[in-house]
Amino acid sequence: MNGLGLATPSCGPAAHTAGRVSWPNARDAARSKWLPYAEGGTAHSHRLFCLPFAGGGASSFMGLRRNAPAWLDVQPVQLPGRENRTAEPALRSVDEVVSRLVEALRPWLDRPFGLLGYSLGARVARALILQLRREDLPLPHILFLAAHRAPNAPSRRPPLHMLPSDAFWARLAAYSGTPAEVLANQELRDLLEPMLRADFEMAEGNMPVAAPLPCPVVAFAGTEDPFAGPQDMAGWALETRGDFELVTVEGAHFFLRTNARCFMDHVFSRAALRLLPHAVAA
């Protein structure tokens, strides 16, 4: 369930007014941390917000962003504790992530949008929709969930966020999601371990029972994923009042990387089917 994005994304060009840089206010600056690639005045008619796996950063979705159709604004979400937010402490609670993320997303819910949650991101996406519904805010027209078992499916791996450091890293290495340069570098491991433990603490918690989601769900399962295979993903059908589709992708847990083109094609085709019929809000 883990993978590390170590690139530092840009935060978009600074705005200029009358020859001077117009610095954002504190609230805008806080929002830009969560959406590091967001820029004002986008010409895209629709949006797709992407939530990363444990240890992952916004850069994990750059393939989706670069290859997106012209009408779709792919916006990767950056959680604290990684990439350009390394100096911030990682959050340990899905509820805390969601409460802060809702505030960051408010200005960006002005047009039809979808959500994509990968592994840990699937948990966050589910909780985010529930919070948007509670606050009577706009809801996504489609939810993509990848590589995370349904709430009613048993976990297929023992928890690791409380393991001693050596055992913790040995387990991560076995998941084949951590770059070799990180595993071989004690300084990097010491830097990243608190963030990874926090992410796995969120990933290994219980998912509360909730009323079915109001939007269609497309669930992606790797054919060789030992943690969230097709049988584990099928239960998401019970979590929505909308249509449900289970899509299998050749690969293990990180088919986002190993079979990227296939995954992207599936996402874009289904996003077009669900998002394009909806006009941009006036």
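Keep in mind that the numbers below use all heavy atoms, side chains included, and drop hydrogens, waters and symmetry copies. Just so we're clear, the structure is a prediction, and the values are computed from it rather than from any experiment.
- The side-chain heavy atoms of Leu35 and Leu105, taken from C-beta on, include a pair separated by under 4.5 Å.
- Of the possible polar contacts, none joining the Arg111 side chain to the Leu109 backbone as a donor-acceptor pair under 3.5 Å is found.
- When all heavy atoms of Ala54 and Leu120 are compared, the pair lying nearest together is N-CB, 3.7 Å.
- In Arg66, the CZ atom is not crowded: 12 or fewer heavy atoms of neighbouring residues, nucleotides or ligands sit closer than 6.0 Å.
- Pairs engaging residues 205-216 under the salt bridge (charged side-chain N to carboxylate O under 4.0 Å, His left out) rule: none recorded [sequence neighbours left out].
- Remark: Asp136 CG is loosely packed, at most 12 non-hydrogen atoms of other residues, nucleotides or ligands lying under 6.0 Å away.
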Could you please spell out the steps behind the ring-ring contact (aromatic ring centres under 6.0 Å, His included) verdict for Tyr118 and Phe255? CA-CA 10 Å; Tyr118 202 100; Phe255 55 82; 5.4 Å; yes
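- In this structure, the side chain of Ser269 engages the main chain of His266 through a donor-acceptor pair within 3.5 Å.
- Summarising the geometry, atom CH2 belonging to Trp71 is positioned 13.0 Å from atom CZ belonging to Arg47; distances are rounded to the nearest 0.5 Å.
- At a threshold of 4.5 Å between non-hydrogen side-chain atoms, the residues Glu88 and Lys33 count as touching.
- In this structure, His278 contributes its side chain and Pro112 its backbone to no donor-acceptor pair below 3.5 Å.
- The two atoms that bring Pro214 and Ile129 nearest to each other are CD-CG2, 3.9 Å, heavy atoms only.
- Put simply, the side chain of Arg149 never gets that close to the backbone of Phe227: no donor and acceptor are under 3.5 Å apart.
- Residue pairs meeting the salt bridge (charged side-chain N to carboxylate O under 4.0 Å, His left out) criterion with at least one member in residues 210-237, sequence neighbours excluded, are Arg156-Asp232.
- Two residues are said to be in side-chain contact when any heavy atoms from C-beta on lie closer than 4.5 Å; Leu191 and Thr86 meet this criterion.
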Give the intermediate values and the outcome of side-chain contact (heavy atoms from CB on, under 4.5 Å) for residues Leu48 and Leu115. CA-CA 6 Å; Leu48 178 66; Leu115 291 179; 5.7 Å; no
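- Val74 and Ala68 get closest at one heavy-atom pair: CG2-CB, 3.6 Å.
- For Arg270 and Phe144, the positive end is not near the middle of the six-membered ring at less than 6.0 Å and at most 45° from its axis.
- The pair Arg100-Glu96 meets the salt-bridge criterion, with a side-chain N (NZ, NE, NH1 or NH2) lying under 4.0 Å from an Asp/Glu carboxylate O.
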Applying side-chain contact (heavy atoms from CB on, under 4.5 Å), run through Leu256 and Phe53 and close with a yes or a no. CA-CA 10 Å; Leu256 169 69; Phe53 44 83; 3.6 Å; yes
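- Under the 4.5 Å side-chain heavy-atom criterion for ILVMFWY residues, a single connected hydrophobic cluster contains both Val77 and Leu137.
- The distance from the CG atom of Leu192 to the CG atom of Asn185 is 9.0 Å, given to the nearest 0.5 Å.
- In terms of the ring-ring contact (aromatic ring centres under 6.0 Å, His included) criterion, His161 has no residue partners (sequence neighbours excluded).
- You'll find the side chain of Trp108 stays beyond 4.5 Å of the side chain of Pro138, heavy atoms only.
- To the nearest 0.5 Å, atoms CG (Leu128) and CZ (Phe49) are separated by 9.0 Å.
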Side-chain donor-acceptor pairs of residues 216-223 under 3.5 Å, sequence neighbours excluded:
residue, atom, partner, partner atom, Å
Thr223, OG1, Glu250, OE1, 3.4
Thr223, OG1, Gly251, N, 3.2

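- Taking every heavy atom of both residues into account, Thr240 and Cys215 meet most closely at OG1-O, 2.5 Å.
- In this structure, Asn206 contributes its side chain and Pro208 its backbone to no donor-acceptor pair below 3.5 Å.
- The nearest pair of heavy atoms linking His148 to Ala122 is CB-CB, 3.7 Å.
- In summary, Arg65 and Asp73 engage in a salt bridge, as defined by a charged side-chain N under 4.0 Å from a carboxylate O.
- Qualifying side-chain hydrogen bond (donor to acceptor under 3.5 Å, both in side chains) partners for Arg106, counting only residues two or more places apart in sequence or in other chains: Glu103, Glu135.
- Considering only heavy atoms from C-beta on, Pro158 comes within 4.5 Å of Arg171 through its side chain.
- Between Phe254 and Phe263, the gap from one ring centroid to the other reaches at least 6.0 Å.
- Residues Met207 and Met202 do not share a hydrophobic cluster, clusters being chains of Ile/Leu/Val/Met/Phe/Trp/Tyr side chains in contact below 4.5 Å.
- Atoms CZ and CH2, on Phe244 and Trp236 in that order, are 9.5 Å from each other to the nearest 0.5 Å.
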Walk me through whether Glu204 and Leu160 qualify under side-chain contact (heavy atoms from CB on, under 4.5 Å). CA-CA 8 Å; Glu204 292 166 354; Leu160 72 155; 2.8 Å; yes
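- Summarising the geometry of Leu64 relative to Phe268, their closest heavy-atom pair is O-CZ, 3.4 Å, with the distance given to 0.1 Å.
- With sequence neighbours excluded, the residues forming a side chain to side chain contact (heavy atoms under 4.5 Å, CB included) with Ala234 are Leu246, listed by chain and number.
- The backbone N or O of Leu163 lies less than 3.5 Å from a partner atom in the side chain of Arg197, making a donor-acceptor pair.
- A donor-acceptor pair under 3.5 Å is formed between the side chain of Glu83 and the backbone N or O of Ala58.
- Rounding to the nearest 0.5 angstrom, the gap separating the CG atom in Leu130 from the CG atom in Leu139 is 10.0 Å.
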List the steps, then state whether side-chain contact (heavy atoms from CB on, under 4.5 Å) holds for Asn67 with Arg261. CA-CA 9 Å; Asn67 291 281; Arg261 185 73 260 176; 3.6 Å; yes
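- To the nearest 0.5 Å, the span separating CZ on Arg133 from CD on Gln131 amounts to 11.0 Å.
- Within the 3.5 Å criterion, the main-chain N or O of Leu213 finds no donor-acceptor partner in the side chain of Glu239.
- The environment of CD in Gln186 is crowded: more than 12 heavy-atom neighbours from other residues, nucleotides or ligands sit within 6.0 Å.
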